[in-house]
Amino acid sequence: MKLTTAAQMKELDRQAIEERGIPSLDLMERAAAGVAEAALALLPQRPGKCRGAALCGAGNNGGDGIAAARLLFLKGLKVRAFLVGDYEKLTPDALEETRRLSECGVELERFDPADESQRAWVLGCDVVVDALFGVGLSRPIGAGTPFAAAVDWMNESRAAVVAADIASGVAADTGAVLGRAVRADRTVTFTLPKVGQAVGQGAVLSGNVEVRDIGIPADLVRGLVCRAQTVERDFARAALPPRRADGHKGTFGKVLIIGGAVGYTGAPLLTAAAAVRTGCGLVFLGVPETIWPVEAAKCVSAMPFPLPDKHGRFSPKAKEEILERAAGCDAVALGPGLGRGDGVTELVLDLLREIQQPVVLDADGINALAGHIDVLDARRDRITVLTPHDGEFARIGGDLTGGDLTGGDRVGAARAFGAAHGCVLVLKGHRTLTAAPAGNVLVNTTGNSGLAKGGSGDVLTGIIASMLAQGATAVQAAAVGVWLHGRAGDLAAERLTPYGMTPEDVVSSLPAAIGEIL
């Protein structure tokens, strides 16, 4: 599904109102109806026995909330609506909604952070409508302001919170928290979801996001070009490489995995198992000769072979055999469990310079690029997929200033890196991102906290390499790989909980995840 920016939504609204002649008040009424319906669905009992509140700003988002308060009142709720801001700043549409509310016998009250009766009402409600800010908020909500108090009251309330369009305090374009933000149980967003509702803290604070059609002409929505979109079941189904009925093991690709070191014997095994479980025809696993007996004893479907090493890690002398093996394969996974050291870094950089096949670079393979990003740049004419977490991303020059799960522009940072270095970047984390060299970003929608365990990334590397070997494009391989990884994790969590699941359980759940999109 397309993910829009605040500027794009404002332009859609303008086109609908100014060019298509749709009354803005009609759009507001439809938006309010969606919010009110969502609020009614969250009530613990019949509307006549419930209380509600709407906390509204002076802009059109506030108008949505004022109208929603009227609709909830007409359904039987005891409702109070509070204006957090100045009456003099009410937009014309919000002012009209205030008049309509008053005609029903409910007055828009001025919000007073010091009024204990107001606070008691909000904290004791069954449902609260958050309509403080729309998607245009761009500066932090200052501490000690009435807006901050309103946000705090909603977060302290026992009520179910329904956000109108976006949870107040969430940056629409990045998902960052602007000072503080409402924790919504449900967000009713209008026309299309926003980038900030799919990534960062915004993905957590938005609760369940429901997209409401408010009457923007369909052709305008279809024609909107968005540089970000979500990866969901239909996308994954279309991106999954098909399987020929008359195929053989060579038809379905050959993957070469280079990884492992003393103390890191599990990583390459997980990568190999994931590649096999996702349909790759032949999987070869090159490991340091010191640990080869361990790998050989545990591999059944993949084919391990020993390579020259030094002190339990790869030696640069392994290069020629790796290059020879790579030439006969369709994709190379480089990095799981490599460990660090000058010899390993030298080997990785040499391999990246010379391997012509698509490469999936992970873990210490990525760390080898620190200070050597020119080696990645030199692969612009070849396929390279990087799968860093935030720390690895920062080491190779990714700009995540403030960009952990509490803030920053992860989408922008991923987009900039992929475009600057001509690679496909898989930025791992909550709502993993796949950034294409052209600047498009795909946001994953599967996965859970049980994937936050050592070894999960190795599984992902194997899946992506398998998809590449079977003929998927780099972007398809990365995006469907991330989706399958997350969906397998969800299936594992359903059986074992996020606490008890392991990366091995994710691997064993991959066939079921694939089965859902066949």
Side-chain angles (χ1 to χ4, degrees), residues 32 35-36 38-40 42-59 61-90 94-95 97-134 137 139-170 177-187 205 207:
V35 172
L40 289 168
L42 294 176
L43 293 178
Q45 53 188 326
R46 287 181 296 137
K49 296 187 176 183
C50 293
R51 297 193 306 172
L55 281 82
C56 311
N61 185 254
D64 298 335
I66 296 167
R70 183 187 85 247
L71 296 175
L72 290 173
F73 174 78
L74 293 175
K75 287 293 185 179
L77 267 77
K78 299 178 180 66
V79 177
R80 294 175 72 178
F82 302 99
L83 175 63
V84 188
D86 300 324
Y87 276 95
E88 297 75 19
K89 294 182 179 179
L90 283 169
L95 195 59
E97 294 294 1
T98 301
R99 186 190 67 77
R100 294 182 181 186
L101 180 67
S102 181
E103 284 186 344
C104 294
V106 180
E107 299 300 327
L108 180 62
E109 305 175 44
R110 189 180 297 276
F111 178 77
D112 181 0
D115 188 327
E116 285 300 319
S117 67
Q118 289 187 4
R119 184 173 184 272
W121 182 273
V122 173
L123 267 60
C125 276
D126 297 290
V127 68
V128 173
V129 172
D130 163 29
L132 294 179
F133 302 104
L137 183 66
R139 60 189 180 193
I141 299 173
T145 64
F147 297 103
V151 170
D152 291 345
W153 287 11
M154 284 188 273
N155 287 341
E156 293 168 17
S157 176
R158 72 174 191 180
V161 177
V162 178
D165 207 16
I166 193 165
S168 293
V170 170
V177 172
L178 298 171
R180 66 189 66 210
V182 170
R183 292 190 299 272
D185 295 285
R186 182 171 298 179
T187 296
L205 295 170

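These numbers come from the heavy atoms of this one structure, side chains and all, not from hydrogens, waters or symmetry mates.
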Nearest atoms (heavy-atom pairs only) where [X] meets [Y]:
{"X": "Val151", "Y": "Val182", "answer": "CG1-N, 3.8 Å"}
{"X": "Asp185", "Y": "Ala159", "answer": "OD2-O, 3.9 Å"}
{"X": "Gly52", "Y": "Cys125", "answer": "C-SG, 3.5 Å"}
{"X": "Val127", "Y": "Ala39", "answer": "CG2-CB, 3.7 Å"}
{"X": "Leu101", "Y": "Glu107", "answer": "CD2-C, 4.4 Å"}
{"X": "Ala184", "Y": "Ala167", "answer": "CB-CB, 4.4 Å"}

Just how far is it from atom [atom1] of [X] to atom [atom2] of [Y], taken to the nearest 0.5 Å?
{"X": "Thr98", "Y": "Ile66", "atom1": "OG1", "atom2": "CD1", "answer": "3.5 Å"}
{"X": "Glu109", "Y": "Leu83", "atom1": "CD", "atom2": "CG", "answer": "10.5 Å"}
{"X": "Asn155", "Y": "Arg183", "atom1": "CG", "atom2": "CZ", "answer": "4.0 Å"}
{"X": "Arg80", "Y": "Leu72", "atom1": "CZ", "atom2": "CG", "answer": "15.5 Å"}
{"X": "Phe82", "Y": "Trp121", "atom1": "CZ", "atom2": "CH2", "answer": "8.0 Å"}

Arg119/Glu156 salt bridge by N-O under 4.0 Å criterion: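 Here Glu156 pairs with Arg119 in a salt bridge, since their nearest N and O are under 4.0 Å apart.
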Ion pair check, Arg158 and Asp126, cut-off under 4.0 Å: yes
pair Leu108-Ser102: side-chain heavy atoms closer than 4.5 Å: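 Contact flag for Leu108/Ser102 side chains = no.
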Any Val177 side-chain heavy atom under 4.5 Å of Leu205 side chain: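 When only atoms from C-beta onward are counted, Leu205 and Val177 do touch, with a gap below 4.5 Å.
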Check: Ser168 main-chain N/O paired with Asp130 side-chain donor or acceptor under 3.5 Å: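 Checking the backbone N and O of Ser168 against the side chain of Asp130, a donor-acceptor pair under 3.5 Å is found.
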Side-chain donor/acceptor of Asp86 to backbone N/O of Lys89, under 3.5 Å: no
Check against side-chain contact (heavy atoms from CB on, under 4.5 Å), Lys78 and Cys50: CA-CA 7 Å; Lys78 299 178 180 66; Cys50 293; over 6 Å; no
Aromatic contact, Trp153 with Phe111 (centres under 6.0 Å):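 Between Phe111 and Trp153, which both carry aromatic rings, the centre distance is below 6.0 Å.
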